[in-house]
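Below is one structure; the comments refer to it alone.
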Amino acid sequence: MDFDPVDRQILDILRQDGRASHASIAKQVGLSAPAVGKRVAKLEQTGVILGYRAVLDSAAIGLPIGAFVMITPQPRKPAQRLVERLLELPEVEALYAVAGEYSFIAMVRAPSPAALDGLLDRIFMLDGVEATRTAMVLRTAAERVTFLPPGDAG
């Protein structure tokens, strides 16, 4: 989708503060609040804006342990079934299908190293998993919102 400069401004404001009101955005972009509302609705309807959510501090809610689990599926097993099984685990925060040595990378959260160990056992025992490798997060150096590419990208 092509964005005009005002759409880009609106997206930049919302990616930094998803709770920004149409009125506050309107002041920043030089439009009326209803005009901003129409633009935001269009961005939502076209799937550019996928939703809004609170970003939680995982340690503050009792999940201080994070890890990336690289997963190799069993050959000749439907990958979609494995994806469904992985997404049934509430500890799986994100799941990516990737190219390379592994087919999937899951970002998982756990309350303790022992709980992570149990989760890794459960993942490894899922039907369709051939092998796993885990990298435990020691600290988060940076975690940013999706950047907005330059206007001529596309």
Side-chain angles (χ1 to χ4, degrees), residues 1-71 73 79-120 122-123 126 132-154:
M1 177 176 176
D2 290 325
F3 312 111
D4 69 21
V6 175
D7 287 335
R8 297 180 68 71
Q9 282 182 282
I10 291 169
L11 287 170
D12 196 44
I13 293 165
L14 287 173
R15 76 184 187 92
Q16 296 297 326
D17 179 7
R19 293 179 59 173
S21 70
H22 292 170
S24 71
I25 296 169
K27 287 178 186 175
Q28 296 176 64
V29 301
L31 294 176
S32 68
V36 168
K38 286 180 183 177
R39 284 176 179 256
V40 169
K42 181 181 175 191
L43 293 165
E44 291 169 347
Q45 290 164 359
T46 58
V48 174
I49 296 175
L50 298 176
Y52 304 89
R53 62 182 175 187
V55 178
L56 307 178
D57 179 330
S58 56
I61 61 168
L63 298 170
I65 306 297
F68 290 95
V69 182
M70 287 68 76
I71 302 163
Q80 186 56 39
R81 298 284 312 274
L82 176 56
V83 167
E84 291 166 3
R85 288 182 187 100
L86 288 164
L87 293 178
E88 289 174 0
L89 301 172
E91 299 93 340
V92 174
E93 185 173 286
L95 181 61
Y96 306 96
V98 298
E101 184 177 349
Y102 302 95
S103 296
F104 298 99
I105 298 178
M107 174 61 198
V108 301
R109 299 265 179 211
S112 67
L116 175 62
D117 186 46
L119 172 62
L120 295 175
R122 291 191 343 253
I123 290 173
L126 288 175
T132 65
R133 174 172 260 164
T134 303
M136 195 165 136
V137 175
L138 299 178
R139 70 180 172 86
T140 301
E143 206 168 60
R144 304 187 295 189
V145 297
T146 301
F147 76 99
L148 198 55
D152 58 335

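Predicted, not measured: the structure shown is a model, and the values here were computed from it.
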At what distance, to the nearest 0.5 angstrom, does [atom1] of [X] lie from [atom2] of [Y]?
X: L11; Y: I49; atom1: CG; atom2: CD1; answer: 5.5 Å
X: I65; Y: D117; atom1: CD1; atom2: CG; answer: 12.0 Å
X: E91; Y: R122; atom1: CD; atom2: CZ; answer: 4.5 Å
X: I61; Y: L56; atom1: CD1; atom2: CG; answer: 5.0 Å
X: I123; Y: L82; atom1: CD1; atom2: CG; answer: 9.5 Å

Heavy-atom pair with the smallest gap, counting every atom of [X] and [Y]:
X: A26; Y: V36; result: CA-CG2, 3.7 Å
X: I71; Y: A106; result: CD1-CB, 4.3 Å
X: Q28; Y: Q9; result: O-NE2, 3.9 Å
X: R109; Y: S58; result: NH1-OG, 3.3 Å
X: F104; Y: P73; result: CE1-CG, 4.3 Å
X: L148; Y: D12; result: CD2-N, 4.1 Å

From V92, L95, T134, residue fulfilling side chain to side chain contact (heavy atoms under 4.5 Å, CB included) relative to V108
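For V108, the side chain to side chain contact (heavy atoms under 4.5 Å, CB included) test succeeds with only one of V92, L95, T134, which is V92.
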Could you check whether any side-chain heavy atom of V6 comes within less than 4.5 Å of a side-chain heavy atom of I10, counting everything from C-beta outward?
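They are in side-chain contact.
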Is there a side-chain contact between L120 and T132, using heavy atoms and a 4.5 Å cut-off?
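No, every pair of side-chain atoms sits at 4.5 Å or beyond.
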Check the pair I13 / V29 against side-chain contact (heavy atoms from CB on, under 4.5 Å), numbers first and verdict last.
CA-CA 10 Å; I13 293 165; V29 301; 4.0 Å; yes
Taking D7 as the fixed residue, which of K42, R39, K38 is the one that meets the salt bridge (charged side-chain N to carboxylate O under 4.0 Å, His left out) rule?
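Result: among K42, R39, K38, R39 is the only option passing the salt bridge (charged side-chain N to carboxylate O under 4.0 Å, His left out) with D7.
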If only atom types and distance count, is the side chain of R15 paired as donor or acceptor with the main-chain N or O of T146 below 3.5 Å?
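Yes, the answer is positive, given that a donor and an acceptor are paired below the 3.5 Å cut-off.
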Check this for me: F147, atom CZ, are more than 12 non-hydrogen atoms of other residues, nucleotides or ligands nearer than 6.0 Å?
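Open.
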